[in-house]
There are 2 protein chains.
Amino acid sequence: MSKKEALLKAAENKVRLGGYSNFSFRELASEVGIKSASVHYHFPTKADLGAELAHQYTNSFLAALGEPNELKASGKNPINVYTQLFRSALVTDRKMCLCGLLGAESDSLPDKVRLEVKRFFNENLAWLAAAHLVNGDLNPTQSAIQTVSLLEGAMMISKTLDDNSYFELATQLT
Amino acid sequence: MSKKEALLKAAENKVRLGGYSNFSFRELASEVGIKSASVHYHFPTKADLGAELAHQYTNSFLAALGEPNELKASGKNPINVYTQLFRSALVTDRKMCLCGLLGAESDSLPDKVRLEVKRFFNENLAWLAAAHLVNGDLNPTQSAIQTVSLLEGAMMISKTLDDNSYFELATQLT
DNA sequence: TATAAATTACCTATCGGTAGGTAGGTAGTG
DNA sequence: CACTACCTACCTACCGATAGGTAATTTATA
């Protein structure tokens, strides 16, 4: 893993625990074993780092999902696949969704970071609308926003109350 | 309004836009017309201020809700009342729920602040469970977590995408 | 030998917090 | 009433730490 990748990984961990202001160049640098000034070689400003972080997070997230119609074709319910990705972020990583946290503090973010966070949700809503459509949902747009809202909210409350059973209860069908 | 009240009000605005680290004693002080050192007279530490802020926010929120059975008795659907309180926080204040934002960054909060945020959600879940119960819901505990998750999530996404129609769509029944 | 990557050595600004002081008011006591 | 003691609500001045960022230089690599 290159230093640049290591910096992004370290930043992701920090941001997912405490938001955009929860990481500093000094901390990241010492974690990956370089000096803080050297971080500026890879990312001119903090906003550049934050924007690239959100961008790559979005890409990885979408890549991990696959395509709704292909999932359906292989016998899977795409909405369950989506839910499972959120669940593993919460249970395995024990952290918030990066863009969920950044989205909440949207108003105080640098423009280029906020733009990437918006892209995350626009792409997610499009994916979910397609997924609900292949499920035969009569109102896929509305279901999409309800699905992502429920998951982001349930994640946040489970983290706050430090108990993943809230997430399980929120995502249970009956 | 006393200086102390003014400080809390100023802090609430900042935190609801960008989280716990989005306010400083110096900013609050200059907004209310005192010196930053004087803020320590009212709140010994930043954590004390944050905790009192979350405590009062929770109390005001619960007070604004009233009692589920009394609402029902006066012909109102308590869940609609609850949803409306979230809606006005988003539409009128144009800001996130204080404890929604703080909850997302729970892991990086001082203990006494995190504790108050947990209280917010525990009290809200209790209120919602009672509300769903008087509505004849067969699974009031599950409905409670689903309701608050959906609302917090919808709020966050509407703020991120800067479009309140997402909140409306998410909270629409059909 | 060119380029990429990281270094040293700074800068300015701001952070939360502390020390010590003061003007003005209140409460208790002889 | 006069005096003492204390309190409230601020102030100025400063602390060490940390923030993001910059310029010039060195080291490593292809």
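Reminder, nothing fancy here: chain letters follow the sequence lines and each chain counts from 1.
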Quiz item: Is the shortest side-chain N to carboxylate O distance from B:Arg16 to B:Glu12 below 4.0 Å?
Solution: yes
Exercise. Round to the nearest Å and state the distance from A:Leu7 atom CG to D:dG20 atom P.
Key: 13 Å
Self-check item: B:Asn77: side chain to side chain donor-acceptor pair (under 3.5 Å) partners, not counting sequence neighbours
Solution: B:Asn135
Quiz item: So what does A:Phe43 touch, heavy atoms closer than 4.0 Å: a base, only the sugar-phosphate, or nothing?
Solution: nothing
Quiz item: How does protein reach along nucleotides 8-18 of chain D, written 5' to 3' as B (base within reach of a heavy atom under 4.0 Å), S (only sugar-phosphate), or - (no contact)?
Solution: SBSBBB-----
Give me, pair by pair, the N or O atoms of the protein and of nucleotides 26-30 of chain D that are less than 3.5 Å apart, along with how far apart they are.
none

Quiz item: What pairs of residues pass the salt bridge (Lys or Arg N to Asp or Glu O under 4.0 Å) test when at least one of them lies in residues 152-172 of chain B, not counting sequence neighbours?
Solution: A:Asp107-B:Lys159, B:Arg87-B:Glu168
Give every donor-acceptor pair under 3.5 Å between a side-chain atom in residues 32-44 of chain B and any protein atom, sequence neighbours left out.
from, atom 1, to, atom 2, distance (Å)
B:His40, ND1, B:Pro44, O, 2.9

Extract all donor-acceptor atom pairs below 3.5 Å that involve side chains of residues 137-145 of chain A and protein atoms in other chains or at least two apart in sequence.
from, atom 1, to, atom 2, distance (Å)
A:Asp137, OD1, A:Asn139, N, 2.7
A:Asp137, OD1, A:Ser143, OG, 3.3
A:Asp137, OD2, A:Ser143, OG, 2.7
A:Asn139, ND2, A:Gln142, OE1, 3.2
A:Gln142, NE2, B:Leu169, O, 3.1
A:Gln142, NE2, B:Gln172, O, 3.0
A:Gln142, NE2, B:Thr174, O, 2.8
A:Ser143, OG, A:Asn139, O, 3.2

Quiz item: Considering residues at least two apart in sequence or located in another chain, which fulfil the side chain to side chain donor-acceptor pair (under 3.5 Å) criterion with B:Glu27?
Solution: none
Exercise. Provide the full list of ring-ring contact (aromatic ring centres under 6.0 Å, His included) pairs with a residue in residues 129-174 of chain B, sequence neighbours left out, each pair given once.
Key: none
Quiz item: By side chain to side chain donor-acceptor pair (under 3.5 Å), which residues pair with A:Ser21, not counting sequence neighbours?
Solution: B:Ser21
Self-check item: d(CZ, A:Phe25; C1', C:dT14) in whole Å
Solution: 17 Å
Quiz item: In whole angstrom, what separates B:Leu109's CG from C:dG16's C1'?
Solution: 16 Å
Quiz prompt | Separation of D:dA23 C1' from A:His40 NE2 (nearest whole Å) | solution = 12 Å
